[in-house]
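Presented below is the structure to which this report refers.
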Amino acid sequence: MVIVLFGAPGVGKGTIGNLLSKDLKIPLVSTGDILRRNVKEATELGSEAKSFMEKGALVPDEIIIKMMQEEIFRLKGGFILDGFPRTFNQVKELENAMGNNSYDVINLKTEDDLLIKRLSNRRICRNCGAIYHLINIPPERKGICDKCGGSLYQREDDREDVIKERLALFHTKAQPIIDYYQEKGILRNVDASLPLQKIIDLIKDDSYQE
Ligand code: AP5
């Protein structure tokens, strides 16, 4: 089973991807996580991507496609994609990589106001990457990860001005991709404002269409 989680910043791709990955026992491939890891480790990829990420811009296709070729080609069974594809070149690249294998594109949708509240209250574990929300999914101890005891931090691109840039960019790029997958008959819309378990159940029910 291959699932593409598509949707705006803050819609829940990472949170849902992690839950689904555990539930379905298939790996999650998150472009954002791979890029952030490379920035942290100061690799060549990280230094190429850093300035784009800080200002909320997309990292150029050639960098992302090379990175994903290495990630997708090493996977044998099913997987979940979070953050890829985001441009038409990336859509085509995924199609080439998938060949005749089928996949579902889950279009997670909700209002921008909710996304801004989610992103400005998001905190992430510096050690294991677990995702929290100060109000919806708070850690038991302030600033400390429940899972590993690591410290929680706010992402550089979760400042309100950068969040607005990321949302605006998403809205300029997303519709043609949504239309394309809709026409292919592989797009399923899911309301991302629902409780997490409900969203997981709807994604797993492959007959569900909003
Ligand atoms: P990336 O990390 O992919 O960022 P994004 O798409 O902006 O998405 P986010 O990670 O911000 O949000 P999410 O949808 O995962 O939400 P989350 O689950 O955390 O990319 C970062 C950057 O890398 C990009 O800006 C770009 O520069 C670059 N990049 C990445 N991929 C690229 C590509 N393919 N091409 C080019 N450049 C690329 O949830 C958000 C918050 O809400 C959390 O606090 C969570 O706890 C809470 N929450 C989520 N769902 C619920 C719910 N149902 N109920 C209550 N709370 C919820």
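Predicted model, so just to flag it, every value in this text is computed and none were measured. Counting starts at 1 for both ligands and their atoms, following the listed order.
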Those residues at least two apart in sequence (or on a different chain) that pass side chain to side chain donor-acceptor pair (under 3.5 Å) with Arg86 are none
With heavy atoms and a 4.0 Å threshold, my read on which part of Ile64 contacts ligand 1 is side chain
Can Met68 be said to touch ligand 1, with heavy atoms closer than 4.0 Å?
no
Ranking Gln90, Lys55, Met53 by closest non-hydrogen atom to atom 35 (N) of ligand 1, top hit is Gln90
Tested for side-chain contact (heavy atoms from CB on, under 4.5 Å) against Leu45, the lone hit among Val39, Val59, Asn38 is Asn38
Is the Tyr180-Phe88 ring centre distance short of 6.0 angstrom? yes
Nearest non-hydrogen protein atom to atom 37 (N) of ligand 1, with distance, is Val59 N, 3.0 Å
Honestly, for Leu194 the part within reach of ligand 1 (heavy atoms, under 4.0 Å) is backbone
Any heavy atom of Leu58 under 4.0 Å from ligand 1? The part involved is both
dist Glu156:CD -> Gln154:CD (nearest 0.5 Å) comes out at 9.5 Å
Does Gly150 offer a backbone N or O that forms a donor-acceptor pair with the side chain of Arg126 under 3.5 Å?
no
shortest atom 4 (O) of ligand 1-to-protein heavy-atom contact is with Arg155 NH2, 3.3 Å
Arg36 heavy atoms within 4.0 Å reach ligand 1 at atoms 2 (O), 21 (C)
Exercise for the section: Find out if a path of hydrophobic residues (ILVMFWY) with successive side-chain heavy-atom gaps under 4.5 Å connects Leu114 to Leu119. Expected result: no
Per-atom filter on ligand 1: closer than 4.0 angstrom to a heavy atom of Gly14 are 13 (P), 15 (O), 18 (O)
Sidechain N-carboxylate O distance under 4.0 Å for Lys66, Glu62: no
- Query: Which is it for Ile72 and Phe84 under the side-chain contact (heavy atoms from CB on, under 4.5 Å) test, yes or no, and what are the steps along the way?
  - Reply: CA-CA 11 Å; Ile72 297 178; Phe84 183 90; 4.2 Å; yes
shortest atom 12 (O) of ligand 1-to-protein heavy-atom contact is with Gly10 N, 2.9 Å
If you compare Gly32, Ala192, Gly83 by their heavy atoms, the one closest to atom 34 (N) of ligand 1 turns out to be Gly83
Atom 13 (P) of ligand 1: closest protein heavy atom, distance to 0.1 Å, is Lys13 N, 3.5 Å
In this structure, CG of Asn107 is separated from CG of Asp191 (nearest 0.5 Å) by 11.0 Å
Q) Do ligand 1 and Ile131 have nitrogen or oxygen atoms that lie under 3.5 Å from each other? A) no
*Can you hop from Ile137 to Leu19 via hydrophobic side chains spaced under 4.5 Å?*
yes
Is the closest N or O pair between Ile16 and ligand 1 shorter than 3.5 Å? no
Indicate whether any N or O donor in one side chain lies under 3.5 Å from an N or O acceptor in the other, for Asn89 and Glu93.
no
Checking heavy atoms under 4.0 Å, the part of Arg123 that sits near ligand 1 is neither
Looking only at heavy atoms, the pair that brings Pro139 and Leu152 closest together is CG-CD1, 3.6 Å
Here the atoms of ligand 1 under 4.0 Å from any heavy atom belonging to Thr15 are 17 (P), 18 (O), 39 (O), 45 (C), 49 (C)
Counting heavy atoms under 4.0 Å, the part of Asp33 that contacts ligand 1 is neither
Worksheet item: Does an N or O anywhere in Thr31 fall below 3.5 Å from an N or O of ligand 1?
Response: yes
In this structure, atom 7 (O) of ligand 1 is nearest to the protein heavy atom Arg166 NH2, 2.7 Å
Distance col, row Met53:CE vs Glu48:CD, nearest 0.5 angstrom, shows 13.0 Å
A student checking ligand 1 against Tyr132 at a 4.0 Å heavy-atom cut-off should list atoms 43 (C), 44 (O), 46 (O)
d(Ile131 CD1, Arg122 CZ) to nearest 0.5 Å is 6.5 Å
Quick look: Ala57 vs ligand 1, heavy-atom contacts under 4.0 Å, and the answer is backbone
Under 4.0 Å between heavy atoms, the region of Phe170 that gets near ligand 1 turns out to be neither
closest protein heavy atom to atom 19 (O) of ligand 1 is Arg122 NH1, 2.5 Å
*asked:* I want to know whether Phe170 and Phe6 have ring centres closer than 6.0 Å.
replied: yes
In ligand 1, the atoms that come under 4.0 Å of a heavy atom of Ile199 are 53 (N)
**Request:** Decide whether Leu108 and Leu194 are clustered together by the hydrophobic rule: side chain heavy atoms of Ile, Leu, Val, Met, Phe, Trp, Tyr closer than 4.5 Å, transitively.
**Result:** yes
When distances are taken from atom 54 (N) of ligand 1, the protein heavy atom at minimum range is Arg118 NH2, 3.6 Å
Note: heavy atom closest to atom 46 (O) of ligand 1, options Leu119, Ile137, Asp158, belongs to Ile137
Heavy atoms of Asn121 and Lys117 approach each other most closely as ND2-O, 2.9 Å
Contact region, Asn136 to ligand 1, non-hydrogen atoms below 4.0 Å, reads side chain
Under 4.0 Å between heavy atoms, the region of Ala8 that gets near ligand 1 turns out to be backbone
Under 3.5 Å: N/O of Leu35 near N/O of ligand 1:
no
Atom 3 (O) of ligand 1 has as its nearest protein heavy atom Arg86 NH2, 2.4 Å
